[in-house]
Structures are given as structure tokens and as C-alpha cells.
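To start, the structure under review is shown below, and the notes come after it.
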Amino acid sequence: MAEHVRVMLTEEEVDAKINEIGRQISKDYEGRQVHLICVLKGGSFFMCELAKRITVPVSFDFMSVSSYGGDTKSSGVVKIVKDLDESIKDKDVIVIEDIIDSGRTLSYLLELLEQRGPKSLALCTLLDKPERRVVDVKVDYTGFQIPDEFVVGYGLDYDQRYRNLPYIGIVEFD
């Protein structure tokens, strides 16, 4: 089955939204340091761009959590592929995610991180699909709410392809 990608959000729209989120985080955390936790692999593009726009001191770490495999729908089985390298105890933590779909993965991850004693824990996502939500998760910073389409680009992939697109596109199958 062949596929092609149709632009949903342009590079300029994504860039403007990341600037806006960076300003809001900088304002909300004024006088403090934030510790960003990137959910790999998809969140890496978003986190790098966001971190450049945050004006308070920033540190970060990475976690890899999988619930998709090579499919377009979440399997519902959450697997930690890579855990954090350092403690988050007493830190102001913001989890950076590329997209929130069912909420299963993030609900599990936030519960796990909360047990590790951060001073505060917030969630930031570039894309949110609220109509696909199965588990309720509180999102503190949202870039775009999008419809239930399978999207790629800006770190999001379909079977490890299309991550490098500088925009958000919809995968359409022929």
C-alpha cells in the first residue's frame, strides 16, 4: 500500500506556535529552572525548538516509551525502552510530547514520574487529539488540537519515516 503526505500545519504555523508556548513557559517559570523530559523519538524535534525559546534556565533528559510499534494506532501496551539518566526529585519538570492520542501512554508515564518526587510536573504537547482520548490526562501546554488523522513530520513518524518533514502532514493511503 502506497502513501503520500498532505500538509496540515505549515512550518511557519508550527514555528509561531512553539514561540508562543516558549513565551508562556518562560513567564510561568520565571525565576526558576525547568527540567524538560523529552519523550523519544518523536518529541525530540519539538523539545529542541522549544528549549531554544525558553528564557529561564533549562536542563533536560530523555525517555523512550512505546505503544505503537509499526502501526498507526496505539496498541495500549506501554513499554519503557529508555528510562531517565538522572533523578527528577525536587525539580520543576515538564514532560515534552509530540502528540497525545488515547492518553494511555502519558497517563502511565505521568503516574510513574510523579512517584519520583518532582517539585512540580507539567505536560506539554505539540499536538493533541482529544476525540481519541481513552484516559483523561491534564495537558498544561498544547500547541494544536487536531482531528483524528494519522500525522507525520516534525518528529512524528509512520514506521520510522517522515520524521524530518519541517511541517505536520496527514498520511493518506492510496
Side-chain angles (χ1 to χ4, degrees), residues 14 17-69 71-148 150-151 154-157 163 168:
V14 173
K17 185 58 76 172
I18 294 172
N19 280 330
E20 182 183 313
I21 295 169
R23 281 192 303 272
Q24 188 61 52
I25 289 172
S26 299
K27 181 180 169 199
D28 292 350
Y29 289 85
E30 189 173 346
R32 298 187 281 170
Q33 176 173 327
V34 292
H35 186 71
L36 306 180
I37 295 177
C38 175
V39 180
L40 294 171
K41 299 177 185 169
S44 60
F45 283 65
F46 178 41
M47 187 180 83
C48 288
E49 290 302 317
L50 180 61
K52 291 190 289 187
R53 291 159 171 88
I54 296 173
T55 58
V56 299
V58 171
S59 59
F60 41 84
D61 204 343
F62 300 87
M63 234 177 156
S64 183
V65 182
S66 176
S67 66
Y68 280 82
D71 202 354
T72 60
K73 298 253 189 265
S74 173
S75 67
V77 178
V78 179
K79 179 174 115 180
I80 294 184
V81 179
K82 183 215 173 293
D83 207 339
L84 298 174
D85 290 332
E86 54 187 73
S87 171
I88 59 170
K89 186 161 180 49
D90 299 325
K91 293 182 180 180
D92 289 308
V93 173
I94 304 176
V95 174
I96 307 296
E97 182 62 284
D98 54 359
I99 190 165
I100 301 175
D101 195 323
S102 70
R104 285 186 189 109
T105 303
L106 265 298
S107 174
Y108 174 84
L109 183 60
L110 292 171
E111 193 175 297
L112 176 72
L113 293 174
E114 189 64 53
Q115 294 169 7
R116 296 181 182 185
K119 181 193 274 184
S120 67
L121 183 62
L123 176 59
C124 176
T125 187
L126 179 59
L127 304 173
D128 188 8
K129 289 186 190 179
E131 66 188 73
R132 295 265 306 141
R133 199 77 83 246
V134 174
V135 177
D136 191 36
V137 288
K138 179 182 176 278
V139 184
D140 301 280
Y141 304 96
T142 302
F144 301 93
Q145 284 195 354
I146 62 170
D148 187 15
F150 193 80
V151 291
Y154 222 88
L156 294 121
D157 74 298
R163 286 189 196 279
I168 304 296

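Quantities reported herein were computed from a predicted structural model and do not represent experimental measurements.
Distance check, rounded to the nearest 0.5 Å: CG of L110 to CD of E97 gives 9.5 Å. Between the SG atom of C48 and the CZ atom of F60 there is a distance of 6.0 Å, given to the nearest 0.5 Å. Separation of atoms CD1 (I146) and CD1 (I100) is listed at 11.0 Å; rounding is to 0.5 Å. Taken to the nearest 0.5 Å, the CE atom of M63 stands 11.5 Å off from the SG atom of C38. Separation of atoms CE (M47) and CD1 (I54) is listed at 9.5 Å; rounding is to 0.5 Å. Separation of atoms CD1 (I88) and OG (S120) is listed at 10.0 Å; rounding is to 0.5 Å.
Side-chain N or O atoms of T142 include none that pairs as donor or acceptor with a backbone N or O of F144 at under 3.5 Å. Side chain of K129 to main chain of I99: no donor-acceptor pair is present (N/O by atom type, distance under 3.5 Å, no hydrogens or angles). No donor-acceptor pair closer than 3.5 Å links the side chain of R163 to the backbone N or O of Y154. Remark: side-chain polar atoms of T55 are not paired, donor with acceptor, to backbone N or O of S26 under 3.5 angstrom.
Ion pair D61/K91 not flagged as a salt bridge, since none of the NZ, NE, NH1 or NH2 atoms sits closer than 4.0 Å to an Asp/Glu carboxylate oxygen. Between R23 and E20 no salt bridge is recorded (no basic side-chain N to carboxylate O distance below 4.0 Å). Look at D98 and K41 and you find no salt bridge, because none of the NZ, NE, NH1 or NH2 atoms lies under 4.0 Å from a carboxylate O.
The shortest side-chain heavy-atom distance between L106 and T125 does not fall under the 4.5 Å cut-off. For the pair F45 and L126, the minimum side-chain heavy-atom distance is 4.5 Å or more. Counting heavy atoms from C-beta outward, I37 and L109 have side chains that stay 4.5 Å or more apart. Contact of the F46 side chain with the L127 side chain is not registered, since no non-hydrogen atoms from C-beta on lie closer than 4.5 Å.
Here the closest heavy-atom approach between residue R32 and residue V56 is recorded as O-CB, 3.4 Å. Across all their heavy atoms, I96 and G43 have their closest contact at CG2-O, 4.3 Å. Summarising the geometry of D101 relative to R132, their closest heavy-atom pair is OD1-NE, 2.7 Å, with the distance given to 0.1 Å. The shortest non-hydrogen separation linking K17 to G143 is CE-O, 3.1 Å.
When each of K52, R53, Q24 is paired with N19, the side chain to side chain contact (heavy atoms under 4.5 Å, CB included) condition holds for R53 and for no other.
Sequence neighbours left out, the pairs with a member in residues 135-144 that pass salt bridge (Lys or Arg N to Asp or Glu O under 4.0 Å) are K138-D140.
The number of heavy atoms from other shown groups lying within 6.0 Å of CD (Q115) is above 12. Around the NZ atom of K119, the shell of radius 6.0 Å holds no more than 12 heavy atoms that belong to other residues, nucleotides or ligands.
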Candidate pair V135 and Y108, rule side-chain contact (heavy atoms from CB on, under 4.5 Å), full reasoning: CA-CA 10 Å; V135 177; Y108 174 84; over 6 Å; no
What do the steps show when you test R116 against L84 for side-chain contact (heavy atoms from CB on, under 4.5 Å), and what is the final call? CA-CA 11 Å; R116 296 181 182 185; L84 298 174; 3.6 Å; yes
